Amino acid sequence: MNYESVMKLALERAFYFPSCEVYGDAQAGFWEYGPTGVSIKNKFLELWRRELVRRDRMLEIDGSQIMSKSVFEASGHLGNFADPIIKCKKCGSTFRADKLISEIANVEIPESADLEDFDKMIQEKDIMCTKCKGEFDSAKKFNMMFRVGIGPEDVEAYLRPETCQSIFVDFPRLFKTMRGKLPLGIAQVGKSFRNEIAPRQSLLRLREFYQAEIEVFCNPGKLNDLEKFSEIENTTLRIQISDDIQVMTCKEAVDKGVIPNKFVAYYLGLLTEFYEKTGIDMEKSRFRKLGEKEKAFYADVAFDFEVNTTIGWLELVACNYRSDYDLSSHAKKSKEKFEVMDNDEKVLPHVFEISMGIDRSLYTILEHSLREDKENERMVLSIKPYLAPTHVGVLSLVKKDGLLEKTDEIYRLIRTKFDSFLDHSGAIGRRYRRLDEIGAPFAITVDHQTKEDNTVTIRRRDDMAQNRVNISELESILAKETAYP
RNA sequence: GCAGUCAUAGUAUAGCCUGGUUAGUAUUCGGGGUUUCCAACCCUGUGACGCGGGUUCGAAUCCCGCUGACUGCACCA
């Protein structure tokens, strides 16, 4: 389905909707998850925990969203996460100072240069606004981080622009107290905040968004010395090489040098196995190796996991080999020790990061799962049962003849075990359609026969087929059908 | 941030040009009835002009500002 249909469903069924929408001064880039959206998000994260965190024995933490200024001085965000901008005094157009100067005067000034250097060059070269020939105001830094003031003294601090900084600063304590051994994965789910210039397209470009990040700390001398690589060596990856997407196993990718080492390949393999289980159409996915100019300021080698949607390729995960950039910066700034022992060797670990965009992943799952069943005139969200916001609808065929009471009884039996929805009102077909739209994989219907022999029908969402089972079997059937893979 | 288009119930829309209606329609949703296994039908009810200002006797309609959405450019750790 397309963006428009997903958006319509999201609004109608409370998957997600704009934040503060009753007020006129609501700002772009902030969206809320409704009950249906939260339910999918929780299940998606549970799958993530199972397939990555637990599988790989990672440690999960939950850090602060507000972090001190020093953190971002060390991480480089205060310096690098800001763009030098200049604004025309006359028409108000804003430009990237470094880009404009290189375009017009053909002089390269690094974006991290002092602001005075930009002003000087603009004066020297007599650069005017390209739109209205107006004069420029002096250059300013636009930092994408949200600044906050702590306490009555208004002490400078920032909302984190990525969740991983707490993982880095917590690393020494975690390694010691959790009896860490390299390679060690530390994971975190939470919100990050970026003051985007142009937030767009609901969940796809937010100012406040969810990340599920994993930082794997490793011995840089042992990137090809990884026993568990055998677990995924035959997992196939789809990797973009020049203009083609090539399909190859993790092992082949390493042997051919497409991926620099087993360590990186291992995690790209895990990630692939995870996304296969989310129901995203993997035929529409690719890993793309980023060029020098595209990479983040801290990344050595970077692969983006991207998925093709109706609005183009969407970056769902950034996989960055950050080397010792973060740990050495924090070590230097904090004067704490970040080296650890790896057997007899003292090393400052390198970091490989798997930074997942949750909101974008959820959108993609919705887009790839939503389909129109024209034959039966219905919209169906064919989402994996273990990700469905409602597992099962519990319906009475009619309200009278004691069926309502019987239905309530069955609902009470399963409501704490599954996400269940009780519905008595209206035509049975309408109630089935409603469940189809929010992706409930099953519907239990109580009919007259139920009173005679204690059986109910179970209807399957995807093919509308029904079969009759005894009430005593319900729990085990549903448990089996909605279980995580 | 720039440019263009746009903003009316939960959703999708009509009305705006040419100012005056009880703001229409479809669907959804609540209550009731009837039928009972795939959005049927009948009765009934709830529900909207993004926010702020201006013009006018009178503004959903005309004007200005703001906010948002969409598309393109720029940006994107």
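Since we're looking at a predicted model, the values are computed, not measured. First the proteins, then the strands, lettered A, B, ... as listed; each starts at 1.
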Practice problem: Between B/U25 and B/A14, how far apart are the P atoms? Round to whole Å, please. | Solution: 15 Å

Is there a donor and acceptor pair closer than 3.5 Å between the side chain of [X] and the base of [N]?
X: A/Tyr432; N: B/C37; answer: yes
X: A/Asp25; N: B/C51; answer: no
X: A/Arg200; N: B/C76; answer: no
X: A/Gln466; N: B/C37; answer: yes
X: A/Arg433; N: B/U28; answer: no
X: A/Arg459; N: B/C37; answer: no

Quiz prompt | Test: A/Lys41 cationic atom under 6.0 Å from A/Tyr33 six-membered ring centre, within 45° of axis | solution = yes

Tabulate atom names and distances for all N/O pairs under 3.5 angstrom spanning the protein and nucleotides 41-48 of chain B.
none

Quiz prompt | 4.5 Å side-chain heavy-atom contact, A/Ile414 and A/Val394 | solution = yes

Look at all strands and tell whether [X] reaches a base, only sugar-phosphate, or nothing, counting heavy atoms closer than 4.0 Å.
X: A/Arg194; answer: base
X: A/Pro161; answer: base
X: A/Ser355; answer: nothing
X: A/Leu11; answer: sugar-phosphate

So, is [X] near the phosphate of [N], with a side-chain N or O under 4.0 Å from OP1 or OP2?
X: A/Gln27; N: B/U67; answer: no
X: A/Tyr23; N: B/G68; answer: no
X: A/Lys399; N: B/U36; answer: no
X: A/Gln201; N: B/U71; answer: yes

Practice problem: Between A/Glu377 and A/Asp304, name the one whose nearest nucleotide on RNA chain B is closer to the 5' end. | Solution: A/Glu377

N/O donor-acceptor pairs under 3.5 Å from side chains in residues 306-313 of chain A, not counting sequence neighbours:
unit_1   : atom_1 : unit_2   : atom_2 : d
A/Glu306 : OE1    : A/Arg286 : NE     : 2.7
A/Glu306 : OE1    : A/Arg286 : NH2    : 2.8
A/Glu306 : OE1    : A/Arg288 : NE     : 3.0
A/Glu306 : OE2    : A/Arg288 : NE     : 3.2
A/Glu306 : OE2    : A/Arg288 : NH2    : 3.3
A/Thr309 : OG1    : A/Ile311 : N      : 3.2
A/Thr309 : OG1    : A/Gly312 : O      : 2.8
A/Thr310 : OG1    : A/Tyr3   : N      : 3.2
A/Thr310 : OG1    : A/Glu367 : OE1    : 3.0

